[in-house]
Amino acid sequence: MQCTLILTEGDSAKTLAVSGLGVVGRDKYGVFPLRGKLLNVRDGNLKQIQENVEINALLKILGLQYKKKYDTDDDMKTLRYGKVMIMADQDQDGSHIKGLVINFIHHNWPSLIQRSFVEEFITPIVKASKSGQELSFFSIPEYIEWRENTDNWKTYKIKYYKGLGTSTSKEAKEYFSDMARHRIKFRYSGNEDDTAVEMAFSKKKIEERKDWLTKWMEEKRARRTQGLADEYLYNKDTKAVSYTEFVNKELVLFSNTDNERSIPSLVDGFKPGQRKVLFACFKRADKREVKVAQLAGAVAELSAYHHGEQSLMSTIINLAQDYVGSNNINLLLPIGQFGTRLQGGKDSASPRYIFTQVSPVTRSLFPLHDDNVLRFLFEENQRIEPEWYCPIIPMVLVNGALGIGTAWSTNVPNYNPRDLVENIRRLIKGEQPKPMMPWYKHFRGEIRRIDSRRFVCYGEVAKLNEDTIEITELPVKVWTQEYKEKVLEPLMETAAAGKDKDKDKDKDKDKGETSKKQREPLVTDFKEYHTDTTVRFVVKVAKEKMRALEIEGLHKVFKLNTVINTTSMVLFDAAGCLKKYNSPEEICVEFFETRKTKYIDRKNFLMGMLKAQALRLTNQARFIIAKIQGEIHMENRRKANIVEQLIKMKFDPDPVKRWKEEQRKKELKESGEIDLEGEAEAEQEDEEDEKKADKKLATHLSDYDYLVGMALIRVSEEEKDKLLAEKETKLQEVNNLEGKTWGDLWEEDLTRFLEELKKQEDRELADLDLNIKKAGKKAGSDDKPAKGKKKTAAFAAEVLPAKDAERIVPEMDNEMKIKYEKIDKPKTEKVKKEPGEKAEKKKRTKKEGADIKKFMKKEIKKEEPLDSDISISDEDADEVNTDDEFESELDRMDDDAPPKRQTRGIKKVRAFVSKG
DNA sequence: CGGATAGCTAC
DNA sequence: GTCAGTAGCTATCCG
């Protein structure tokens with residue numbers, strides 16, 4: 001009962017704990033390593049809990065019994081340990097693990113929570129040391145606070161601790177010998193603690209979590225704008241924290257990080273991991289391919305990636321995949337086996353065996369010039385990736401997005417990059433964007449609109465003869481192997497197994513037929529002729545059932561229709577606010593505004609740069625003349641001396657260097673990061689304090705390197721003329737650029753991109769052709785010895801759709817439409833709460849929302865004053881609006897299917913909304 | 001209608 | 001090194 005069980009995050013932490021226990025003795029301590037995230041036992045299913053290895057181990061080690069109340073000391077004596085102490089990394093995932101352990105105890109034995117059964121062991125996250133003196137900080141804000149109150153902080157050596165592994169065993173011993181300081185109790189302070197823990201972990205409290213996180217993000221933003229420091233939970237005097245404090249100040253950090261790493265940015269469509277990969281690739285500027293495993297290492301180093309590399313490697317693989325349903329434009333090239341549509345990319349080879357390289361298209365999407373106008377982040381004084389890149393089209397729509405965070409998840413389908421170029425061009429011209437449909441590269445099926453935010457995606461099926469059909473395309477994200485196992489094989493087995501899965505269907509049509517017929521399988525046999533890029537099933541069906549199947553619709557029978565929806569497109573906007581978007585056009589418009597300002601920035605930057613370059617050339621030419629005419633003597637003189645003379649002669653310090661520095665400073669100031677950059681410089685300087693002055697002089701002198709450092713051979717009339725000519729060219733460029741608008745620059749980029757895209761797609765098409773031919777050859781040689789080209793061609797034809805097949809045109813499923821109308825209706829009437837975008841950012845919704853609404857209004861030619869409702873910034877209003885919009889959109893888009901007018905109910909809701 | 005599951009970045 | 005299990009949310013499938 002006086003014993004404490006230490007739960008550690010992973011095995012390496014266990015080692016640390018064990019070595020730390022050396023100083024306090026192992027008698028009263030046990031150590032048990034947790035392997036990753038603990039099961040969330042709240043409203044989980046029984047079977048999973050019973051079978052969970054970790055949970056069972058914990059029960060056994062602690063001697064806990066379900067349903068037992070640990071109210072008295074006698075009850076406590078039945079336990080093998082009187083306390084549980086969690087020792088997790090001092091990072092957000094560590095907080096999550098602490099939370100999950102607390103959740104486990106709280107859910108089953110609330111009485112133990114009230115008895116302070118759970119504790120934690122915290123370790124420093126930053127240490128500052130100076131001649132024997134050592135300061136430990138248990139949170140970053142505490143460290144920053146100290147830094148701001150300590151003038152000579154620069155004289156300290158600063159070390160960051162990432163994970164428990166950073167600590168040495170000597171340090172572990174230090175921590176454990178000062179138990180009082182590192183041991184923190186979780187204190188129960190009443191009912192609110194129960195509510196807090198439940199809110200954080202119950203699957204039913206998603207909406208509450210949205211509110212919780214939204215509020216937290218708002219508060220953080222408010223503190224930022226007021227220049228206040230972040231809150232922190234632990235300082236040197238902290239002895240206990242309440243569960244509410246833990247949830248609201250520590251766990252919330254994990255939840256927020258979880259969103260940040262799982263939900264991409266609207267501007268570039270990247271999650272931080274992906275952005276770091278691109279950053280590292282740009283920085284390395286490799287001309288040759290690199291091994292994925294090696295690239296991951298480089299990314300981790302160059303961009304301060306602190307998580308497991310396995311995760312990073314799958315991110316890289318994901319960026320390079322190019323099978324149907326993955327990327328519309330893969331930014332990295334897949335060199336080796338990166339996975340195919342056979343298994344949805346799960347069939348990729350090990351990262352040790354496969355190579356990658358930046359695709360030529362990538363730089364045309366992310367122009368190099370923009371690097372000068374992006375806001376780069378810093379971590380521990382290392383310049384890492386920007387907050388976001390700024391591609392020339394909204395990449396989040398090109399490759400789509402998929403992510404699961406806390407309280408929110410996101411799902412954005414893919415769109416056609418050419419449609420996006422077209423829409424951007426319209427926006428540049430001040431026109432409205434056209435509605436877009438999801439689109440997948442090399443997808444041969446069909447995508448149709450159901451309603452404003454739902455689409456149906458059909459595969460391809462054709463009739464070969466009375467009892468044979470061929471399936472040559474599956475809906476997007478239905479993988480060949482899975483389709484075979486989960487659809488075709490069951491259709492064949494139904495009769496054999498005796499339990500007819502299609503009984504219901506058969507009943508409908510074959511009423512009165514003999515039971516024998518019902519038992520017959522729909523599919524009697526099927527053959528496969530796939531390649532890793534194409535699909536072809538040739539399916540034999542029972543002849544007498546063919547007609548019935550055709551009436552029902554082959555797409556439906558063979559499950560060749562899936563739904564793509566745009567109902568949960570959640571993204572971080574340019575300002576870093578989480579926001580839910582209702583349409584790709586809305587995303588386009590918001591992207592457009594951000595990108596536009598970046599083009600203006602870029603133009604300004606380039607203008608200054610060119611002018612600086614021209615000035616530099618002028619100076620150089622003048623310098624050469626002066627040198628030739630003997631006005632400057634450099635031989636046998638000190639550099640400082642020469643520079644002094646140059647200054648006297650009114651030569652400018654390197655104009656290009658000056659300009660760049662100016663820009664950097666301006667940018668940092670605008671983004672409020674000035675202290676970071678200043679800190680970077682300062683820290684470099686303070687390393688060698690006494691040399692500081694020297695260094696300054698050196699930088700000063702180096703400002704003239706562009707003159708004094710010129711090669712002797714360049715000191716000639718010839719060279720001078722060349723420089724002057726170059727200067728003229730630069731000035732010409734300045735004139736040129738001056739005449740261009742941001743729109744012109746953008747237009748140029750778009751044109752270049754389209755050219756690159758064409759080239760890339762031609763290459764891909766050639767590869768696809770080759771692939772099919774190879775498949776033919778292989779099939780030919782496998783079966784019989786190949787005899788001439790004819791055979792090969794015949795086999796190649798086998799993998800392609802048959803030429804004389806009768807294509808079945810998918811029929812818009814009326815059932816489906818009705819189904820979704822039904823789903824949508826109660827939703828609007830109930831006025832479902834979605835605080836996601838609500839509180840998030842009122843001012844923005846108003847500003848941008850108005851824009852979008854305006855465009856929607858024009859586009860759908862509706863005069864009804866929907867907009868006023870929306871400006872109260874409640875998405876309920878949006879939802880209603882969308883319904884209206886969808887109907888009018890159907891009017892426009894789906895000519896053959898007359899839309900059902902259902903304005904009833906909408907008015908009612910609107911009235912409700914305006915009231916509320 | 002409820003339970004199971006895919007999808008993805010992290011442990 | 002590989003495989004397997006966990007979180008977190010939404011939508012769909014299945015019984």
Side-chain angles (χ1 to χ4, degrees), chain A residues 8-13 33-49 51-55 88-89 91-101 103-104 163 200-207 209-210 213 251 254-264 271-274 276-277 293 305-318 325-326 344-346 350-353 400-412 453-454 477-479 482 486-487 490 499 501 504 559 561-570 580 816 819-820 823 834 836:
Chain A
T8 64
E9 176 180 350
D11 288 324
S12 59
L34 297 170
R35 282 169 217 288
K37 304 256 164 125
L38 192 68
L39 179 68
N40 180 351
V41 292
R42 201 170 296 263
D43 30 58
N45 78 27
L46 221 65
K47 191 167 166 258
Q48 195 186 12
I49 297 172
E51 285 174 5
N52 187 277
V53 180
E54 207 99 81
I55 295 289
D89 291 354
D91 58 16
Q92 290 91 341
D93 287 285
S95 304
H96 192 208
I97 289 172
K98 290 180 211 166
L100 288 162
V101 173
N103 178 56
F104 168 58
F201 291 103
S202 170
K203 291 186 173 55
K204 295 168 200 149
K205 306 267 164 140
I206 296 169
E207 295 306 315
R209 280 195 285 280
K210 282 194 170 93
L213 276 164
L251 189 65
F254 164 76
S255 299
N256 189 58
T257 305
D258 189 25
N259 285 333
E260 280 175 0
R261 73 184 174 202
S262 306
I263 296 174
K271 299 165 185 171
Q274 300 169 321
K276 281 175 191 291
V277 170
Y305 178 87
H306 305 298
H307 308 287
E309 288 197 5
Q310 192 183 31
S311 173
L312 188 56
M313 291 187 282
S314 39
T315 299
I316 297 173
I317 291 174
N318 186 266
S326 61
K346 283 178 197 142
S350 162
R352 289 175 296 131
Y353 304 134
L402 202 69
I404 309 167
T406 299
W408 288 278
S409 71
T410 189
N411 190 350
V412 180
R453 27 175 67 196
R454 267 177 265 265
K477 287 174 183 172
V478 174
W479 313 120
E482 205 179 74
K486 297 216 170 130
V487 179
K499 44 166 190 174
K501 278 185 193 169
D504 294 342
K559 295 188 181 152
N561 50 2
T562 60
V563 175
I564 299 174
N565 60 49
T566 56
T567 48
S568 57
M569 303 196 294
V570 178
K580 184 168 173 177
M816 205 184 287
K819 186 175 122 195
Y820 285 116
I823 290 175
E834 265 177 68

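Heavy-atom basis, side chains included; hydrogens, waters and symmetry copies ignored. Per chain, numbering begins at 1; letters A, B, ... match sequence-line order.
Residue A/Q274 has its side chain nearest to B/dT9 when only B/dT9, C/dG1, B/dG7 are considered. Nearest to the side-chain atoms of A/T315 among the listed nucleotides B/dT9, C/dT2, C/dT10 stands B/dT9. The side chain of A/R261 approaches B/dA10 more closely than any other nucleotide in the set C/dT2, C/dT10, B/dA10. Among the nucleotides C/dG1, B/dT9, B/dG7, the one closest to any side-chain atom of A/S311 is B/dT9. Comparing C/dT2, C/dC9, B/dA4 by their nearest atom to the side chain of A/S409 picks out C/dC9. Minimum atom distance to the side chain of A/Q48 is reached by C/dT6, of the listed C/dT6, B/dG7, B/dA10. Candidate nucleotides C/dG8, C/dC14, C/dT12 were compared by shortest atom distance to the side chain of A/F201, and C/dG8 ranks first.
Residue A/Q310 contributes atom CD, which lies 10 Å from atom P of C/dC3 at whole-angstrom precision. When rounded to the nearest whole Å, the span between CD of A/E482 and P of B/dA6 equals 7 Å. Atom CZ of A/R454 is separated from atom P of C/dA11 by 8 Å (rounded to the nearest Å). The separation between A/D258 atom CG and C/dT6 atom P is 17 Å, rounded to whole Å. What separates NZ of A/K37 from C1' of B/dT9 is a distance of 9 Å, to the nearest Å. Atom CZ in A/R35 sits about 17 Å away from atom P in C/dA7, given to the nearest Å. A/R209 places its CZ atom 7 Å from the P atom of C/dG8, with the value rounded to the nearest Å. Counting to the nearest Å, the P atom of B/dT9 and the NE2 atom of A/H96 are 17 Å from each other.
Heavy atoms of A/N52 sit under 4.0 angstrom from primed sugar atoms or phosphate atoms, though from no base atom. Nucleic acid contact for A/N40: sugar-phosphate only, since backbone atoms but no base atoms lie under 4.0 Å from a heavy atom of the residue. The residue A/T410 sits apart from the nucleic acid: no heavy atom pair falls under 4.0 Å. Residue contacts for A/N565: at a heavy-atom cut-off of 4.0 Å it reaches the sugar-phosphate backbone alone, with no base atom in range. Residue-level contact check: A/T406 touches the backbone only, with heavy atoms under 4.0 Å from sugar-phosphate atoms and none from bases. In this structure, A/K477 reaches neither bases nor backbone, as no heavy-atom distance under 4.0 Å exists between it and the strands shown.
Comparing the P positions of C/dG1 and B/dC8 gives an interatomic distance of 25 Å, to the nearest angstrom.
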Verdict with supporting geometry, A/M569 and A/K580, side chain to side chain contact (heavy atoms under 4.5 Å, CB included):
CA-CA 6 Å; A/M569 303 196 294; A/K580 184 168 173 177; 5.9 Å; no
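In this structure, the separation between OG1 on A/T257 and CG on A/D93 is 8.0 Å, given to the nearest 0.5 Å.
Look at A/H307 and you won't find any side-chain N or O under 4.0 angstrom from OP1 or OP2 of B/dT9.
Each of A/K47 and A/W479 has a nearest nucleotide on DNA chain B; the 5'-most of these lies closest to A/K47.
No more than 12 heavy atoms of other residues, nucleotides or ligands sit less than 6.0 Å from atom CD of A/Q310.
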